[in-house]
Amino acid sequence: MMLEVRDLTCGYGDVQVLFGPSLQVEKGEIVALLGSNGAGKTTLLRALTGLLRPTGGTIEFEGRPLAGLPAHDVVDRGIACVPEGRQVFPLMTVEENLLLGSYLPRARSGRARSMDKVYSVFPRLAERRRQAGGTLSGGEQQMLAIGRALMSEPRLLAVDEMSLGLAPLLAQELFQVLGEIRSLGVTVLLVEQNAQQTLRIADRAYVLESGRVALQGTGADLLLDDDVRKAYLAL
Amino acid sequence: MTLVTGLQTLAGGILTGGVYAMVGIGLSLIFGVMRIVNFSHGEFMAVGMYTAYVLFRHFGIDPYLSLLLVIPAGGLLGAAVERLFLAPIARAPEHTAILMTVGTGLILSNSLLFLFGAHPQTIFTSYSTSTVRLGPVTLSVPLLISFAITVAVIGALGWVLARTDLGRAIRATAQNRDAAELQGVNTAFVRTAVFSIGTVLAMAAGVLLLPVLYVFPTVGSTFTLKAFVVTVLGGMGNVAGAIGGGILLGTAESMGAALGATGYRDAIGLVAFLLVLLFRPSGLFGRSRA
Ligand SMILES: Nc1ncnc2c1ncn2[C@@H]1O[C@H](COP(=O)(O)OP(=O)(O)OP(=O)(O)O)[C@@H](O)[C@H]1O
Ligand SMILES: [Mg+2]
């Protein structure tokens, strides 16, 4: 098991958001995390990446405990994150954003190679390498956030609301890119609202409701599940 | 005012302004990354002045040479203050940090008072009053040396910020702390580093001003204010803008003094400050962040 989250509890101050969800990710999988607004998906990712300290439960990555590590150490362990809202550095150029992605000493030696790879996946970023991150379009910012995350040579990539606010065609393109990323050997944990496309590329999925896992199954099963179809696919 | 005195005043203003810029850049960098207005900034400058003073008086070390000691010492002092006093309140409400830096400043200035007494002191070096002529303009040698060192220090800092991994980590932390963490940047370390760099800049500026300025325990408070003016002129957290702000303040002060308002030197800067706040609240030089 690559990632094992067990009975995770977490919140903000007195407000508890996660009430013990458990989930697993196998090496090489694409696992999706679905759920309505406010279900706690982003909170779960923030706990996973070390931006929030869980109040209970365990997180194990590649057999070693993760919970409680600061975020910069979690990246060093091999988990990169494309955060909700892209969060590119607005006053830094595309290239500088990518260089930051390879800030960790272990990623610096492969920096030039990683950057070439990112530019070949997203030629649009190569064209705009000297442009400030804040002046990119929403779609380009999303590409940059994904590229930046890949620069740290992760083994697990956690992506939050990648398709939010993107034109359907571009969203589809990015889902394809996630498929390519997986075939390069990177495991993917995908938080999404776009259930239709997500379930099509996901091996397995979890549905989070009010901080608990309400449903889980293979992507194909959930696509056919009546509850999921009603709640998330609007069918 | 004749053309020659005009040029003379301008040159003097620019030279002093360079050192102001150095004080201001430290404050601006600290604000940009830590979101803290460091009310003890000028007091660190005073500590730098007294350090160079002691080294000169008791060990005969030239003030400019003493930078080789003051810079590493300032780095350690700044890092220690950040770790001990500021890191523990990093996530507390803003006014906590204000109280903390005001308190730090009081401790520093009162320690200086305790150690050195209240009366102003100065040093006389062989070059304290020497000048060089550049065409019709006469320039003070210590101010020229100080300006050259300032340019070198600011240039080095600019290079670090623009071109190195540490510099990029500092700018990233200023723009989005969580996102910087997600790239593997230890932002607690960056905050310590930035406070340390800011302290070095303030203390080095103090050393550079010692040959041309009296030193007394509360000399810092005026400079905290000046640094604040420089920072606001340049745009809070805008490091490059602080250079312009420093030169502008230095020039405004010396112009005012040349026009007969010698006693109002400090007031001139504050008037400029209020005008900028009224009409360009994000600073004279555009954008408002590092
Ligand atoms: N910084 C915060 N302080 C307090 N409460 C928060 C904070 N961030 C999120 N919450 C609360 O936690 C709950 C879960 O939020 P979270 O962002 O994890 O949801 P989500 O599943 O990602 O939703 P969305 O799909 O809208 O992004 C919400 O009720 C939200 O109001
Ligand atoms: Mg969310």
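Residue numbering restarts at 1 for every chain, and letters A, B, ... go by the order of the sequence lines.
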Is any NZ, NE, NH1 or NH2 atom of the basic residue among [X] and [Y] found under 4.0 Å from an Asp or Glu carboxylate oxygen of the other?
X	Y	value
B:Glu253	B:Lys226	yes
A:Arg6	A:Glu4	yes
B:Arg35	B:Glu94	no
A:Glu96	B:Arg168	no
A:Arg155	A:Glu62	yes

Inset, instruction - Mind checking side-chain contact (heavy atoms from CB on, under 4.5 Å) for B:Leu10 and listing every partner two or more places apart, or none if nothing turns up? - result: B:Ile14, B:Thr251, B:Met255
Legend entry - By side-chain contact (heavy atoms from CB on, under 4.5 Å) - contacts of B:Phe85 (at least two apart):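 By the side-chain contact (heavy atoms from CB on, under 4.5 Å) rule, B:Phe85 matches B:Val81, B:Met100, B:Thr104.
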Contacting moiety of [X], where chain B heavy atoms sit under 4.5 Å:
X	result
A:Arg148	both
A:Arg111	side chain
A:Leu51	side chain

If we count only N and O atoms by modelled type, under 3.5 Å, do the side chains of [X] and [Y] hold a donor and an acceptor together?
X	Y	answer
B:Thr101	B:Asn38	no
A:Ser102	A:Arg108	no
A:Tyr12	A:Thr43	yes

Legend entry - Residue-level contacts of residues 78-87 of chain A with chain B, using a heavy-atom cutoff under 4.5 Å: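 Listed by number, the contacting residues are A:Cys81, A:Pro83, A:Gln87.
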Legend entry - Residues in residues 155-167 of chain B that sit under 4.5 Å from chain A, counting heavy atoms only: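 If one takes a 4.5 Å heavy-atom cut-off, the residues of residues 155-167 of chain B near chain A are B:Ala162, B:Asp165.
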Inset, instruction - Could you tell me whether a side-chain N or O of A:Asp73 sits under 3.5 Å from a main-chain N or O of A:Leu69, the two making a donor and an acceptor? - result: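 Between the backbone of A:Leu69 and the side chain of A:Asp73 there is no qualifying donor-acceptor contact (under 3.5 Å).
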